[in-house]
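Working notes for the structure below.
Quick note: numbers below take in every heavy atom, side chains included, and nothing from hydrogens, waters or symmetry partners.
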Amino acid sequence: MTWSFRIARIAGTDVKVHITFLLLVAWWAVSGYQEGGTAGAVHATGLLLSLFTCVLLHEFGHILMARRFGVRTPDVILLPIGGVARLERIPDKPREELLIALAGPFVTLILAAVFYGWLVLTGQSITDSPSDNLAHTPLVNALLAMNVVLLVFNLIPAFPMDGGRVLRALLASKLGFVKATRIAASIGQGLAILAGVYGLFKPEPFLVLIALFVFLGAATEAAAVETRMAGEGIRIEQMMVTRFETIPIHARLRLAVDLLLSGEQREFPVVDNSGRVEGILTRESLIKGLAERGSESTVGEAMISPVPALPVGLEFETAVGRLRSSGLPALPVVGPSGELVGLLTMDNVSDLIMVRRAVSKR
């Protein structure tokens, strides 16, 4: 996700913070300061960071359970509306997804029980609810209440939240993954629309934001599953571009301009004298090179390098996942000896998916 940066790496997973989360921290600190001065700002900020520590533990419940089934989690991102753990792939079996989906709420339940137990052991009042005054909200009471809310909220069967994933896993065992995803996504979007309308008339801007997140997340997840199913059984050799132009690393950018304007190719592998891939020249990097250095500068000065090369034999999901993770519109495909044999582009992947979907509907 763009606009996010890494703050830690825990058990092989990057912990990232979205820039908007910092805005939320600043807002809470200012609100606390207005209500209780410097001490109020520190208390409000500590309360928010404690809550998001609970959110992070919730996400690591998913991560550690996913790891048991061989599913890696490259990163988890903290957003103003919560955390998102990005699984490298969707679990193969409905039972695996069910356990992964329930692991997060289970951690939240344990946390709520710990906070409840602490209040009981220390003789504090459990009935005290969090105050609207951030500077004077009791920390443990607030964390207990917020974890209960988080638990209930996450178990609402609105895909892509945990409750929606539980629903999909239960449906998938009977209806198959694609149909189960469509049903769970439709339910999630329906609930999001209701919540959004309610938030507009209440008005509750934060509820509208959450509803928008759920609506878009459900659509994205449904599209990702359909893409995965459309590419089932396909390897990279069947979807790569085999007719393409390469550009020598020492060529002038004016040659790249001629190639760009003479055909439909938009990304060009850059090779050395022996034909080895040195980088890739995209349309955007070409335009930037022309603007900064002129048409007589070399391709090597404007290309993107290094770029990950995709080996022959990769399965569809792995190849597309690596292409998306690179952030580039195309990646070179190389043979066993490292020779360039093809080019994988997002346009070609999209065309293949459309063809497969059209054929499957007949």
Side-chain angles (χ1 to χ4, degrees), residues 1-6 14 16-20 74-75 77 86 227 231 234-355:
M1 183 179 287
T2 55
W3 297 99
S4 60
F5 56 92
R6 189 176 78 173
D14 290 337
K16 297 181 178 179
V17 171
H18 197 269
I19 190 69
T20 52
D75 54 51
I77 301 176
R86 182 169 61 92
T227 297
I234 295 178
R235 293 189 177 275
I236 195 169
E237 301 94 304
Q238 299 167 273
M239 57 182 179
M240 67 184 184
V241 177
T242 55
R243 296 179 183 176
F244 57 90
E245 298 283 352
T246 61
I247 302 181
I249 190 170
H250 299 299
R252 304 296 176 184
L253 285 184
R254 52 184 164 78
L255 171 62
V257 172
D258 292 340
L259 291 174
L260 179 69
L261 298 179
S262 64
E264 296 183 359
Q265 189 174 339
R266 295 292 178 264
E267 299 84 26
F268 301 90
V270 180
V271 296
D272 61 15
N273 293 335
S274 61
R276 296 278 178 167
V277 178
E278 293 287 339
I280 191 165
L281 185 71
T282 66
R283 179 172 55 182
E284 289 71 23
S285 62
L286 170 58
I287 298 302
K288 182 180 179 182
L290 289 171
E292 294 179 353
R293 301 181 181 87
S295 61
E296 291 303 310
S297 59
T298 65
V299 169
E301 295 176 282
M303 71 180 184
I304 298 171
S305 178
V307 293
L310 303 175
V312 168
L314 280 184
E315 294 183 352
F316 175 88
E317 190 174 3
T318 303
V320 174
R322 292 187 187 180
L323 177 58
R324 285 176 174 158
S325 297
S326 73
L328 297 171
L331 286 178
V333 181
V334 296
S337 301
E339 71 279 11
L340 180 64
V341 296
L343 191 64
L344 184 65
T345 72
M346 285 306 303
D347 286 342
N348 218 44
V349 170
S350 298
D351 290 343
L352 174 66
I353 290 170
M354 286 190 292
V355 169

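Nearest heavy-atom pair across Phe244 and Leu343 is CE2-N, 4.1 Å. The two residues Leu310 and Ala319 have their closest heavy-atom pair at CD1-O, 4.3 Å. Here the closest heavy-atom approach between residue Glu278 and residue Ser305 is recorded as O-OG, 2.8 Å. Among all heavy-atom pairs drawn from Val299 and Pro248, the shortest one is CB-O, 3.8 Å. Counting all heavy atoms, side chain and backbone alike, Val349 lies closest to Val320 at CG1-CG2, 4.0 Å. Between Val270 and Leu281, the closest heavy-atom pair is CG2-N, 3.8 Å.
With rounding to the nearest 0.5 angstrom, the CD atom of Glu292 is 12.0 Å from the CD1 atom of Ile287. A distance of 9.5 Å separates CE in Met240 from CG in Leu344, rounded to the nearest 0.5 Å. Once rounded to the nearest 0.5 Å, the distance linking NZ of Lys16 with CG of Asp14 reads 5.5 Å. In this structure, the separation between OG on Ser326 and CD1 on Ile304 is 9.0 Å, given to the nearest 0.5 Å. One distance of note links CZ of Arg293 with CG of Leu253; it measures 8.5 Å at 0.5 Å rounding. To the nearest 0.5 Å, the span separating OG1 on Thr345 from CG on Leu323 amounts to 8.0 Å.
Between Ser295 and Val257, every side-chain heavy-atom pair lies at or beyond the 4.5 Å cut-off. Two residues are said to be in side-chain contact when any heavy atoms from C-beta on lie closer than 4.5 Å; Met346 and Arg324 meet this criterion. Counting heavy atoms from C-beta outward, Leu331 and Pro308 have side chains that approach closer than 4.5 Å. Within the 4.5 Å cutoff, the side chain of Ser262 has no heavy atoms near those of the Asp258 side chain. For the pair Gln265 and Leu259, the minimum side-chain heavy-atom distance is 4.5 Å or more.
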- Item | Criterion side chain to side chain contact (heavy atoms under 4.5 Å, CB included) on Leu328 and Glu267, from CA distance to verdict | CA-CA 10 Å; Leu328 297 171; Glu267 299 84 26; over 6 Å; no
- Message: The test is side chain to side chain contact (heavy atoms under 4.5 Å, CB included); show your working for Leu260 and Arg266 and say whether it passes.
- Response: CA-CA 6 Å; Leu260 179 69; Arg266 295 292 178 264; 3.7 Å; yes
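Glu301 and Thr298 form a side-chain donor-acceptor contact under 3.5 Å, judged by distance and modelled atom types alone.
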